Amino acid sequence: MRKNNTYVSERSKLSLKYWFDITVIIYCLVVLGSVVIAYTITTFELVAFDYDEMDFDAILSPPLSAGHILGTDYLGRDLFSRLLLGTQAYLVPGIMAVSIAIFFGSLLGGLTVFGSKSAKKVIKISTDLLQTMPRLVLLLLVVAIFEANIYYIMLVVGITNIPTIADLISRRIDILRDKSFIEASIANGTPKYTLIVKHILWYNCRILLIGQAALGMAEAILMETSLSYLGFGVQEPTPSWGNMVQSGTNYLLQGNLWSSTIPALAIMFVLLAFYLVSEVIIKRIDRSPD
Amino acid sequence: MTKPILEVKDLSVRFFLEKEKVLLPALNQISFHVNNNEVLGIVGESGSGKSITLLSILGLLQANPGIISGEILFNANEANINTLEDISSHIEIENFEKADEKITKKTNTWNKLHASRYKKILGNQVSMVFQNPRLAFNPYYSIGKQISESILLHQPNTDKESAKKTAIDWLKRVKMEAPELRYNNNPYGLSGGLCQRAMIAMALASEPSLLVADEPTTGLDTTIQGDILTLLEEIRIQQKLSMIIVSHDFNVMHRLANRVLVYYNGFIIEEGNTNNILDYTSDEHHPYTSLLLNTEFNQHVDVINKTKDTDNSQSKSFFNQCPYYNNCLKVTPEISNKCQSSIPPLLPLHDSHKIRCWRFEK
Amino acid sequence: MIFRAGILKPISKTLFKEFFSSVFIIILLSMIIFFLVYISPGESLLQEYLLNLGGNEEEFSENSGPINIHQAYFSWLFASMSGNFGVSNSNGLPVLGQVLEFTANTLYLTFSALLISLCITLPVVMITVSNTFPTLSRFTNILIRLLSFLPLFWVAYILIYISTSVFDYYPLATDYEEITASQFILPVILLCLGSGVLVEIVQQLTYEIKRVLNEEYILCARAKGASVFKHLFKEGIAFPLLNLLSNRIAYLFGATIIIEQIFGWPGIGRLLWQATQDRDIPLLLCAVIICACVIRLSHFIARLIYVLINPRASHE
């Protein structure tokens, strides 16, 4: 043992864990990559997909049938092209909802600890107010007053997620305050802004925030599907995965599984990819002893 | 001759740094023993492995791969309770470079086995006084409750009421004022000195035969340090305790210890009776110990000028040269070759005084 | 003994503070909802409702033009404070009794769902944290997420499909008076899976427990041979759970709408949805207020327990 002077060890290339990690990364790249590609293709209409063409000869046909890779829905529309187009309904609004929640959540969370007394009170009351309101009722009312637009829906989802994140952040800061690095950096003359953004939010809360971002994305997309079920989501004929699942379920009990299962699984796979990406990032940056 | 209460043989600890993929040697072939009714002091700079030694003795080291070899024996006559069996049967040390995951797995299973054995030891035979009592007490329970908890755990025949009485009694013995009131205090409501007293009370309440103290006076002001040391001394005599006391302060050693180990970079570099080690007029010291002694007792000595410029870029392998070679000022041309090519063993000087330096080779 | 010396003062202080803030929040909420109802299409319905409340008829008579919002709000507020929430537009029954009954049904569903999700998640968290079976814990973690990422109503339909085609049993609550256990199981399980409760509990609790396990007092507890779980419990499990559960109740009240709709469960979510659909303003206002009261009450209880078990709370 003593004669060894290179105490460097390599990760075993053959271990199960190694392959597992590789599979996860490839999976995330493939799924998220195809979502982004689908989004760009459909937005800039690089390839024309006719999502609204009805093929009455092949209503509710299973996957791999002639001309339709993933089959058709109850009007004979091609599920694959609708699936690709459905990404438009989610990607940007979902990211919007998540960023609203995270930005304002961490802002309010920071203010509850460092703000003035009256600011704290106002924040406490407004977050309590948001938590007290049943979220779906608020969504239904907003949809009733304005219109069933995905951006309004995601705005409400983002806003109603603010208290959760603000709460997490403020509790985290409360714990950090026991450790003396905050006082130390104040004594060092670190500006308050740098302290909050860099030392607290970035170094100490990013793991929490990344985890919450993945969860928030899931919540936003699932909320739209829920609203679709109640008939308030993205309106037909514009496809969204939510209203595709919804229209498919009407025929599910008669044994036509595919037209709802395919978009449902698509939702699951994409959300899983978001989650796994967050996990991979967390693993990379997590320095705390496990 | 009575058998030692604790015997540590060839303890080696490694940490695996996952990002750098480096196996960091934390402790190397540490061997020592604590006799009945004796106080062993451990001195060394921070990062030299003092606390790791304590944690491995108590089986609390949570690291990968952690302890890779060695034996820890409590009360040699019941040795089998806690012998670390030859670990090389569990871990193939030669294969460190290839299969770190296997090691992690094996050390994990081994640690679990180990933990179940330690259940009989912790609290009953050995208990620990932590460095920072405020962090070491659970902030959500009163200190009295935590003391009586350790009484209830280790003296199965007591009921809650008598445990409470004993706990108050212990608080009285560590010279807390108004112990009945303090019983209900939470740790954050106590000053550092009081907290440390309560910590000592908690460690002693389970009536161990060996008390392990990790820098018990660091972070307290000087007058309170003195009080705590007096208290430890008194209680040690009352309870006929053996003790291991870790500190970077020679005064603590002077007040309490019978024998002293000096640590440097995971090695024991000097070992001997307190009188021998603390004798700063003598020249029979490891160069590092003499540096420590000079800074402690002859404060006019300018330490900075006395250290050599370390050239880390040329530092060779950890295990191929004397651990202190890069900073050593006493290398003579005759032994310089030896210093550069091998680690000196602990060379006996006289009676129990041993020094890890080639200068003392006979 | 739970009651420590001097515990009564912080408790009464908390009770007092929380009660008044709750009242304030509920009044604020009622204003917002009232405003939203006011600006939503169908104004004449509001007028009709206010007439039915028995307010002074001259004020809101049909020919006096569009009603003033603050007048309308205050007349509603005073009426509802005296317990008179009016009668439903659709079936002519007093709304309060209806809402209370339906709320009880939903609470029944919600609490069972929370209980079951705790039973599922706690073992998973324990396995993950103790690191006994790393592969198993990883797969259960991913499995829980997979299940939670599926659209709720699709899972519901699949389960109904399986139940009808395999077991030849249609699990819908057709009779409101008698709900059997078998009709109860599917909605509860779905509510666990679909509302994100499982994921959130697993994620937060794992994070918190790992954080607390690194604290020095856990090491100290180990050193004296005490149970780590006991010392971990308050900070690592109880506080985050209190927070999570009290926050999740609000969310579950929303998520029940879909479950209740699919299974025909007579609950508050469905009532709310129908009220918005039919523009049944008295029913909607009353249901929102009662929901808010339940949610505030759960927060209140959580806060009370927190103050009771955390000696530091009284110092905050």
Side-chain angles (χ1 to χ4, degrees), chain B residues 51 54-55 57-62 101 104-105 108-109 111-112 115 118-142 145-147 149-154 160 164 181 183-189 199 202-206 208 212 214, chain C residues 1-10 126-138 208-242 305-316:
Chain B
S51 300
L54 294 193
L55 290 179
I57 290 170
L58 275 98
L60 297 175
L61 194 67
Q62 299 210 315
E101 252 157 52
T104 316
K105 218 172 186 179
N108 270 345
T109 43
N111 276 338
K112 251 154 227 155
Y118 259 110
K119 265 187 187 156
K120 295 171 198 158
I121 304 273
L122 287 176
N124 285 332
Q125 296 195 20
V126 54
S127 58
M128 182 158 172
V129 173
F130 281 81
Q131 181 177 358
N132 194 338
R134 263 161 194 263
L135 295 180
F137 272 118
N138 190 335
Y140 303 104
Y141 294 99
S142 71
K145 256 193 186 166
Q146 294 183 56
I147 294 172
E149 184 197 13
S150 75
I151 293 169
L152 285 169
L153 275 169
H154 299 292
K160 278 190 175 176
K164 188 179 172 178
L181 288 177
Y183 184 89
N184 288 324
N185 266 108
N186 285 88
Y188 55 86
M199 187 84 227
M202 185 166 86
L204 293 173
S206 55
V212 166
D214 185 3
Chain C
M1 203 174 85
I2 286 178
F3 292 102
R4 301 182 307 274
I7 188 72
L8 276 173
K9 200 182 161 200
M126 288 304 153
I127 290 172
T128 314
V129 170
S130 68
N131 211 1
T132 344
F133 312 104
T135 325
L136 176 72
S137 77
R138 197 172 158 76
E208 290 288 323
I209 291 178
K210 276 189 177 168
R211 180 182 68 72
V212 176
L213 277 179
N214 284 328
E215 298 276 340
E216 201 169 329
Y217 67 81
I218 298 293
L219 195 70
C220 181
R222 280 209 179 100
K224 69 177 183 181
S227 118
V228 174
F229 183 80
K230 183 191 163 188
H231 284 267
L232 172 85
F233 182 75
K234 276 191 183 178
E235 196 182 345
I237 298 174
F239 298 159
L241 264 189
L242 274 179
I305 297 173
Y306 179 77
V307 174
L308 271 176
I309 64 173
N310 185 2
R312 292 177 97 169
S314 48
H315 288 252
E316 274 163 12

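Since this is a predicted model, take the numbers as computed values, not measurements. Chain naming here is simple, since letters A, B, ... match the order of the sequence lines and numbering starts at 1 in each. Any value given below was found using the heavy atoms of this structure, including those in side chains, with hydrogens, waters and symmetry copies removed.
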Drop me the distance from B:Q131's CD to C:E216's CD, to the nearest 0.5 angstrom. 7.5 Å

Could you tell me whether a side-chain N or O of C:K224 sits under 3.5 Å from a main-chain N or O of B:S150, the two making a donor and an acceptor? no

What part of C:F239 gets closer than 4.5 Å to chain B, counting heavy atoms only: side chain, backbone, both or neither? side chain

Roughly how far, to the nearest 0.5 Å, is the CD1 atom of C:I218 from the CG atom of B:L135? 12.5 Å

Contact class of B:P139 relative to chain C, heavy atoms under 4.5 angstrom: both

Tightest non-hydrogen contact, residues C:H231 and B:N138, listed as ND1-ND2, 3.1 Å

Among B:M128, B:M199, B:Q146, which one satisfies side chain to side chain contact (heavy atoms under 4.5 Å, CB included) with C:C220? B:M199

With sequence neighbours excluded, what pairs up with C:R211 under the salt bridge (Lys or Arg N to Asp or Glu O under 4.0 Å) test? C:E208, C:E215, C:E235

Ranking B:L153, B:V212, B:V126 by heavy-atom pairs under 4.5 Å to chain C gives rank one to B:L153

Taking only residues two or more places apart in sequence, or in another chain, which ones meet C:L219 in a side-chain contact (heavy atoms from CB on, under 4.5 Å)? B:L55, B:L60, B:F130

Check whether B:F137 gets within reach of chain C through its side chain, its backbone, both or neither, counting any heavy atom under 4.5 Å. backbone

